[in-house]
There are 2 protein chains.
Amino acid sequence: MNSIDTSRPPLKIRRVNLDTGRENVVVISRQSKALRPEIFRGFSRVELRRNSRVLLATLLITDDDSLVGPDEIGLSEPAFRRFAEPSGSLATVTPAVPPESLEAVRAKIRGQTLSASEIGAIINDLIHYRYSDMEIAAFLISSASFMTSDELLALTGAMAQAGTQLKWANPIVVDKHCIGGIPGNRTSMVVVPIVAAHGLTIPKTSSRAITSPAGTADTMEVLARVNVGADEMKAIVEACNGCLIWGGHVNLSPADDILISVERPLSLDTREQMVASIMSKKLAAGSTHLLIDLPVGPTAKLTSGIEAMRLRKLFEFVGDRFGISVEVITTDGSQPIGYGIGPVLEAQDVMAVLANDPAAPQDLREKSLRLAAHLLEYDPNLRGGTGYIRARELLDSGAALRQMQKIIDAQGRSDCRTELGTLTFDVMAASDGFVSGIDCLQLNRLARIAGAPLDQGAGIRLFKKIGDRVESGEPLYRVYAFDKSERDLTAAGAKSNTAYTIENATTPRNKTAP
Amino acid sequence: MNSIDTSRPPLKIRRVNLDTGRENVVVISRQSKALRPEIFRGFSRVELRRNSRVLLATLLITDDDSLVGPDEIGLSEPAFRRFAEPSGSLATVTPAVPPESLEAVRAKIRGQTLSASEIGAIINDLIHYRYSDMEIAAFLISSASFMTSDELLALTGAMAQAGTQLKWANPIVVDKHCIGGIPGNRTSMVVVPIVAAHGLTIPKTSSRAITSPAGTADTMEVLARVNVGADEMKAIVEACNGCLIWGGHVNLSPADDILISVERPLSLDTREQMVASIMSKKLAAGSTHLLIDLPVGPTAKLTSGIEAMRLRKLFEFVGDRFGISVEVITTDGSQPIGYGIGPVLEAQDVMAVLANDPAAPQDLREKSLRLAAHLLEYDPNLRGGTGYIRARELLDSGAALRQMQKIIDAQGRSDCRTELGTLTFDVMAASDGFVSGIDCLQLNRLARIAGAPLDQGAGIRLFKKIGDRVESGEPLYRVYAFDKSERDLTAAGAKSNTAYTIENATTPRNKTAP
């Protein structure tokens with residue numbers, strides 16, 4: 001009796017130069033000798049086997065022999081890389097049996113709750129690229145409407161175990177995390193040098209911008225290399241007590257990277273998935289004490305204290321179950337932090353704060369000191385309540401700046417362009433009054449249209465913040481771009497919505513929103 | 001100020017021979033002059049414009065200039081067909097703004113219910129190919145867990161209005177529909193000739209097999225052309241009172257075709273989506289009286305009377321709101337109907353019943369008469385309660401057979417191969433006893449492995465049904481295949497599970513399950 005693997009002739013592997021992102025895609029000829037493509041429609045799934053390697057992939061069909069011949073199977077770039085067998089070698093191709101864990105996804109869709117082992121199997125199939133994008137979407141959406149506490153714990157644990165797991169000599173490993181959404185909010189780049197200068201271990205990994213004009217990793221990259229792997233990271237942290245690197249190279253939560261690649265195009269953003277994403281990375285990073293920053297404001301990710309409290313409870317719950325000491329604080333998310341938006345402009349703000357430049361943005365300085373103070377209090381050798389004084393001392397004395405230089409040297413200087421965009425224009429106030437609101441979402445949008453974070457020197461520099469008095473015609477902010485069409489598009493966007501609300505009062509109602 | 005459409009150079013359209021199924025896919029060079037592909041990752045979405053045409057598509061990236069050059073945009077087959085602009089003409093390409101109706105999908109994911117206009121907008125974007133497969137999955141899954149009655153009505157109505165809408169001169173237009181899952185259940189091909197011979201209008205459209213070894217359209221195709229469009233269909237029904245064609249060419253519910261293309265790979269199958277799918281097609285087909293057949297059995301789609309009742313109520317509810325007279329009956333779904341499984345074998349059963357062949361399967365005859373009787377009762381000129389007698393009269397007299405020949409002539413003879421597969425083997429009983437169960441799912445699976453419906457003459461002929469006495473070594477069924485490897489695979493599958501349960505009793509427990 002023939003087995004399914006030998007019943008059809010194998011096909012020759014051919015590399016097809018198509019970047020299909022996360023998804024494995026293969027191409028066969030409509031005259032294929034190994035399959036009957038007419039029984040498949042686009043986006044069917046097939047299984048490739050060679051020796052002990054197995055790859056599940058989505059199938060496209062071609063009639064063009066010069067692309068893929070009848071005795072060949074074309075592997076798109078990610079599929080070719082992951083299957084890791086040479087061009088011209090033979091692979092058997094059969095219709096794919098869907099991963100067994102998909103049955104659990106269907107059960108979740110029907111309203112059942114999943115066990116820890118079911119969730120573990122889903123995550124395991126995910127990181128082995130056995131799910132199609134559609135199947136990932138099915139899992140995400142079925143979990144988006146409802147997830148029990150146990151499911152959240154199981155998801156967090158499974159995600160944490162799926163990638164690299166860091167171990168540290170020091171019993172106290174502190175970390176901070178902000179849920180994002182506030183332009184210019186680069187506190188990590190001030191907090192890490194302060195905390196590291198004090199002597200606590202703070203191995204900080206950050207993300208790159210997904211929908212924003214700059215992530216901490218993008219901004220740090222203006223000053224230093226951030227594409228650092230786990231081993232090098234350990235060496236840097238041993239030498240400097242801390243680091244500021246991109247999390248992507250450390251592979252702390254490959255499952256999260258995959259889930260995000262589907263959440264993003266669908267604009268899915270649920271509390272449970274956010275908590276599982278963040279906490280799984282912190283677990284894998286070996287953090288023992290974690291401070292979480294939740295900015296609240298009308299155009300922040302959280303718009304009310306009630307929302308922030310719900311999220312806080314979820315973080316505390318998961319932290320307690322996994323034995324991480326979690327502290328959650330809500331902060332002012334009513335406007336950008338600092339003056340700059342975009343990698344180079346934000347790096348300038350950070351360095352001005354560390355250098356105690358009198359023109360440095362005071363809100364970035366104050367917020368960073370406050371966060372650093374919380375982290376320093378985790379040091380059992382520090383007298384309770386003196387965290388803030390200690391943080392200010394380390395900043396004012398230049399110790400934090402020196403520590404930052406040491407970290408930059410350890411990570412290696414960056415070869416990024418650090419000049420600002422040469423095509424600039426100012427956006428002016430249309431009337432006299434006081435700035436009563438700044439739309440963070442619109443500023444993020446404008447800075448991205450101007451070219452950030454791809455052009456590191458593109459972005460926005462703010463001249464006015466909430467509570468500032470402005471006169472008609474006075475500049476509110478300056479836009480920096482490199483590309484004429486992007487400059488023009490940003491100008492058009494700013495014309496339709498400047499992001500600023502000016503109130504015609506004689507005195508400001510409040511200097512900062514609650 | 002430049003608008004977004006003219007700020008980047010347009011790209012030359014190039015046809016790329018890739019069948020990507022339902023989804024629009026385009027390919028650009030990593031050195032593209034019109035986009036910065038590095039800011040996109042695989043499966044980003046872009047918008048193509050030329051004159052008044054707009055196409056949303058999923059983006060792949062290549063480094064191979066021979067596939068797509070820097071000043072070109074490659075359109076995969078479905079995208080090229082739908083955009084309908086010539087190769088070499090210029091199109092502008094911009095990052096796609098997601099369809100507005102996706103906001104409603106996200107609201108549904110968050111647990112909100114949708115208004116009729118929101119659902120209408122989703123369906124409208126769907127049929128204009130503005131949703132990616134992932135976005136379609138998001139809509140389906142968000143609706144799979146929960147859908148209100150109003151949402152179900154809105155979905156049904158929107159789907160019915162999205163395609164061709166048939167109008168008939170006769171005020172009574174009858175139709176029948178079975179939810180499927182039972183092998184050999186080709187009652188439509190007996191019922192339609194009977195009802196049409198009586199004089200009622202019965203414009204029957206059927207589906208092709210999706211996961212089964214034969215749909216009614218596949219089986220009818222053994223006898224006649226079934227790829228018939230709306231206009232030709234009208235002519236056939238005017239001439240013959242009925243037809244038996246494939247629904248795909250009539251385009252009664254393009255939205256349903258798209259939704260099914262995503263439901264299938266995800267194996268989604270919810271009551272609400274089933275009802276919306278069926279009822280939208282019947283509404284669009286102009287049916288006034290509809291009989292729905294719900295087979296219930298251990299390996300049928302419905303496994304209990306309670307499930308069947310819930311589904312019945314949903315059909316009745318939607319029928320009432322749209323003014324269609326809906327009658328729902330539950331039938332025996334414990335085993336296949338007739339002897340044949342696969343297009344040619346099932347067509348043989350149908351013709352034997354119509355020809356009053358004494359060897360014809362009596363279960364197919366009886367079930368068809370029962371269904372036809374219900375439909376005939378819709379005729380106001382027929383005395384109440386005489387439907388069955390009239391149906392039997394039309395069948396026994398040969399009037400139904402003559403009507404079928406007339407329909408076949410009107411649709412045109414088929415050019416299908418009608419011989420049976422030449423590679424055969426029998427599956428034998430392993431012990432003496434009575435057949436107490438037949439697994440419909442396993443028989444469907446085996447018949448598909450044997451090559452059905454792609455090979456019309458492949459499939460299974462049953463020798464034994466539930467209640468039949470068998471002796472060890474006696475054949476239970478015969479498998480027909482054309483391809484050696486498929487024959488072997490079917491044999492392997494039948495060896496691991498014959499689909500038959502033999503009970504070692506001296507008398508059968510029951511001749512047919514309830």
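The figures here come from the full heavy-atom set of this structure, side chains too, leaving out hydrogens, waters and symmetry mates.
For the atom pair B/E23 CD and A/L60 CG, the distance stands at 10.0 Å (nearest 0.5 Å). With rounding to the nearest 0.5 Å, the separation of CG in A/D64 from CG in B/N17 is 5.0 Å. Remark: B/T20 OG1 to A/L59 CG distance equals 11.5 Å, nearest 0.5 Å. To the nearest 0.5 angstrom, B/S143 atom OG is 10.0 Å from A/I141 atom CD1. Note that CD1 of A/I109 is 10.0 Å distant from OG1 of B/T270, once rounded to the nearest 0.5 Å.
A/L266 approaches B/E135 most closely through the heavy-atom pair CD2-CG, 3.7 Å.
Remark: A/L140 pairs with A/I136, A/L259, A/V262, A/E263, A/L268, A/Q273 by the side chain to side chain contact (heavy atoms under 4.5 Å, CB included) rule, at least two apart or across chains. Listed by chain and residue number, B/R30 satisfy the side chain to side chain donor-acceptor pair (under 3.5 Å) test with B/D63 (two or more places apart in sequence, or in another chain).
Within 6.0 Å of the CD atom in B/E103, the count of heavy atoms belonging to other residues, nucleotides or ligands exceeds 12.
Contact check for B/L18 versus A/L18: side-chain heavy atoms found under the 4.5 Å cut-off.
Ranking B/G111, B/S261, B/A138 against chain A, the residue ahead of the rest is B/A138, based on heavy-atom pairs under 4.5 Å.
The contact between B/R106 and chain A is made entirely by side chain atoms (from C-beta outward), counting heavy-atom distances below 4.5 Å. With a 4.5 angstrom heavy-atom cutoff, B/L67 touches chain A only via side-chain atoms.
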